[in-house]
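Structure first, then comments.
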Amino acid sequence: MPELCVGEHRWAVPTGSNLLDALNEAGFNVPFSCRAGSCHACLVHCLDGQPVDALPEALALEKHAQGWRLACQCRVVEDLRVAVFDPQHDGIAAQVCAVDWFGEVLRLRLRPERTLRYQAGQHVVLWNGSLARPYSVASLPGEDDFLEFHIDCQRPGAFCDKARVLQVGDVLRVGEIRGGALHYDPDWQARPLWLLAAGTGLAPLWGILREALRQGHQGEIRVVHVTRDDLGHYLAGPLREMEGVQAELVLAEHMEEALAGLRPSSRQTVALVCGAPGSVERFARRLFIAGVPRNQVFADVFVEHA
């Protein structure tokens, strides 16, 4: 059986063992969320040996060449020495500069100790002590001097429970910033742009919406935000005040009716959708029925965290 080594700890694991499971069964508490290679919470550094990587394209070529791997996608087939992500060493300190509540949605703003390069729609892994979760960035680079996140705290969870007591001045750590499926392409300027979100799936779309306006988007912009109740429309005011933006605030119980009314004005319509798996699936299905080509629908799925 191959041996797995982390620091001074070395132990044998069955050939083909999932790297994430092997590390956590040994007590290393590597964080994870989606187990699909999307969130990047389970990033580890392979120092010696190579695991079988089922999704090498999930990381940038340079990062992959340096030995970084997503543990959830790797299987141990030979002796392997690994360094787990250390937020104190590998992460960036970020101080809480604002904590605002909109019902059960926490708008958290962090000011990192150094400027970070990112684009609207990207993700980042937040570390609060030993807990880590991936979140979409809702702020706009170049205009906001902070990183903004929208955290749904309706359900209890380890990270949410700690987030509830955050105060201005507290320090978190920021892991790697990575691209997601959502972005704004300047080539879309003259095309209709639809943004469909469920709950805090609005977070990355909020940054992308502002990016589109900053770049002078000329086509129709339509935002559909679906929530459990009226309090869930936490950006209702700013959305309604945006010139040239048609905002539709929909309660979940009326979601099907609202989606059935989608009628694109052009086959060139681009749609960005974000939310929980069930909501994203319903958005995508209705967009297809409405006539939006599948290759013009970009989706990001939020996974609930424990």
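- Checked by atom type and distance alone, the side chain of Gln189 pairs as donor or acceptor with a backbone atom of Gln215 at under 3.5 Å.
- In terms of heavy-atom proximity, Ala276 sits nearest to Val301 at C-CG1, 4.3 Å.
- Remark: Asp79 pairs with no residue by the salt bridge (charged side-chain N to carboxylate O under 4.0 Å, His left out) rule, at least two apart or across chains.
- Legend: residues meeting side chain to side chain donor-acceptor pair (under 3.5 Å) with Arg111, ordered by chain and number and at least two apart, are Asp145.
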Mind running side-chain contact (heavy atoms from CB on, under 4.5 Å) on Leu147 and Arg109 for me, showing each step along the way? CA-CA 5 Å; Leu147 297 176; Arg109 290 176 173 172; over 6 Å; no
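- The ring pair (Phe, Tyr, Trp, His ring centres under 6.0 Å) search around Phe298 returns His183, Trp188, not counting sequence neighbours.
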From CA spacing to verdict: salt bridge (charged side-chain N to carboxylate O under 4.0 Å, His left out), Arg155, Asp161: CA-CA 9 Å; Arg155 296 180 180 85; Asp161 291 346; over 6 Å; no
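- The minimum heavy-atom distance linking Cys97 with Phe146 is given by the pair SG-CB, 4.0 Å.
- At a threshold of 4.5 Å between non-hydrogen side-chain atoms, the residues Cys160 and Ile151 count as touching.
- For the pair Thr15/Val76, no side-chain contact is recorded, criterion being any heavy-atom separation below 4.5 Å from C-beta on.
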Run the side-chain contact (heavy atoms from CB on, under 4.5 Å) test on Leu126 and Leu131 for me, step by step, so that the C-alpha distance in whole Å, both residues' side-chain angles and the decisive distance to 0.1 Å come before the verdict. CA-CA 8 Å; Leu126 293 184; Leu131 289 172; over 6 Å; no
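- Under the 4.5 Å side-chain contact rule for hydrophobic residues, Val245 and Ile208 share a cluster.
- Applying the 4.5 Å side-chain rule to ILVMFWY residues, one finds that Val171 remains a lone member of its cluster.
- Distance check, rounded to the nearest 0.5 Å: CD1 of Ile92 to CH2 of Trp127 gives 13.5 Å.
- For Lys162, there are no salt bridge (charged side-chain N to carboxylate O under 4.0 Å, His left out) partners two or more places apart in sequence or in a different chain.
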Apply side-chain contact (heavy atoms from CB on, under 4.5 Å) to the pair Tyr135 and Phe159, showing each step before the final yes or no. CA-CA 11 Å; Tyr135 288 102; Phe159 195 93; 3.5 Å; yes
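- Within 6.0 Å of atom CZ in Phe288, 12 or fewer heavy atoms from other residues, nucleotides or ligands are found, so the atom counts as exposed in its surroundings.
- Rounded to the nearest 0.5 Å, atoms CG (Leu4) and CG (Leu23) are 5.0 Å apart.
- Identified under the side chain to side chain donor-acceptor pair (under 3.5 Å) test for residues 92-103, with sequence neighbours left out: Asp100-Arg107.
- Without hydrogens or angle criteria, Arg263 side chain to Ala260 main chain gives a donor-acceptor distance under 3.5 Å.
- Looking only at distances, a side-chain donor or acceptor of Gln296 sits under 3.5 Å from a matching main-chain atom of Thr269.
- His9 NE2: more than 12 foreign heavy atoms inside a 6.0 Å radius.
- When hydrophobic clusters are built by joining Ile, Leu, Val, Met, Phe, Trp and Tyr residues whose side-chain heavy atoms come closer than 4.5 Å, directly or via intermediates, Val270 is grouped together with Leu213.
- Closest heavy-atom contact between Gly175 and Val124: O-CG2, 3.7 Å.
- Proximity of a side-chain donor or acceptor of Arg173 to a complementary backbone N or O of Pro87 within less than 3.5 Å is detected.
- A salt bridge is defined here as a Lys NZ or Arg NE, NH1 or NH2 lying under 4.0 Å from an Asp or Glu carboxylate O, and Glu104 with Arg164 meets this definition.
- Annotation for Glu281: atom CD does not count as buried by contact number, only 12 or fewer foreign heavy atoms lying within 6.0 Å.
- Legend: residues meeting ring pair (Phe, Tyr, Trp, His ring centres under 6.0 Å) with Trp206, ordered by chain and number and at least two apart, are absent.
- At least one side-chain heavy atom of Leu116 sits less than 4.5 Å from a side-chain heavy atom of Arg114.
- Atoms OG and CG, from Ser279 and Leu259 in turn, are 9.0 Å apart once rounded to the nearest 0.5 Å.
- Side-chain contact between Tyr184 and Leu272 is absent, with no heavy atoms from C-beta onward closer than 4.5 Å.
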Between Ser139 and Tyr118, does a side chain to side chain donor-acceptor pair (under 3.5 Å) hold up when you go through it step by step? CA-CA 10 Å; Ser139 44; Tyr118 69 97; 3.0 Å; yes
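- Glu220 contributes atom CD, which lies 9.0 Å from atom CG of Leu193 (distance to the nearest 0.5 angstrom).
- Atom CG in Asn24 sits 11.0 Å away from atom SG in Cys72 (nearest 0.5 Å).
- The two residues Pro2 and Pro14 make their nearest non-hydrogen contact at CD-C, 4.3 Å.
- Using a 4.0 Å cut-off between a side-chain N of Lys or Arg and a carboxylate O of Asp or Glu, Asp185 and Arg191 do not qualify as a salt bridge.
- Between Leu205 and Gly201, the shortest heavy-atom contact is CG-O, 3.8 Å.
- With sequence neighbours left out, His45 forms a ring pair (Phe, Tyr, Trp, His ring centres under 6.0 Å) with Trp68.
- No side-chain donor-acceptor contact under 3.5 Å links Arg133 to the backbone of Val125.
- Here the CG atom belonging to Leu182 is positioned 5.5 Å from the SG atom belonging to Cys274, to the nearest 0.5 angstrom.
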Let me have the donor-acceptor pairs involving side chains of residues 46-57, under 3.5 Å, with sequence neighbours excluded, atom names and distances please.
from	atom 1	to	atom 2	distance (Å)
Asp48	OD2	Arg81	NE	2.8
Asp48	OD2	Arg81	NH2	2.7
Gln50	OE1	Arg69	NH2	2.9
Asp53	OD1	Leu55	N	2.9
Asp53	OD2	His64	NE2	3.0

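- The heavy-atom pair separating Asn128 from Ala163 by the smallest distance is ND2-N, 4.3 Å.
- There is no side-chain donor-acceptor pair under 3.5 Å between Arg35 and Gln73.
- Considering only residues two or more places apart in sequence or on other chains, Arg214 meets the side chain to side chain donor-acceptor pair (under 3.5 Å) condition with Glu211.
- Side chain of Asp170 to backbone of Leu166: no donor-acceptor contact under 3.5 angstrom is found.
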Show me, pair by pair, the donor-acceptor contacts under 3.5 angstrom made by side chains of residues 249-257, not counting sequence neighbours?
from	atom 1	to	atom 2	distance (Å)
Glu256	OE2	Arg282	NE	2.9
Glu256	OE2	Arg282	NH2	3.1

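- Every ring pair (Phe, Tyr, Trp, His ring centres under 6.0 Å) that Tyr234 has, sequence neighbours left out, goes to His150, His225.
- Counting heavy atoms from C-beta on, the side chains of Leu287 and Trp194 come closer than 4.5 Å.
- Between Asp21 and Arg75 there is no salt bridge, since no side-chain N of the basic residue sits under 4.0 Å from a carboxylate O of the acidic one.
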Is there a side-chain contact (heavy atoms from CB on, under 4.5 Å) between Leu19 and Leu80? Walk through the geometry before answering. CA-CA 10 Å; Leu19 180 55; Leu80 186 64; 4.0 Å; yes
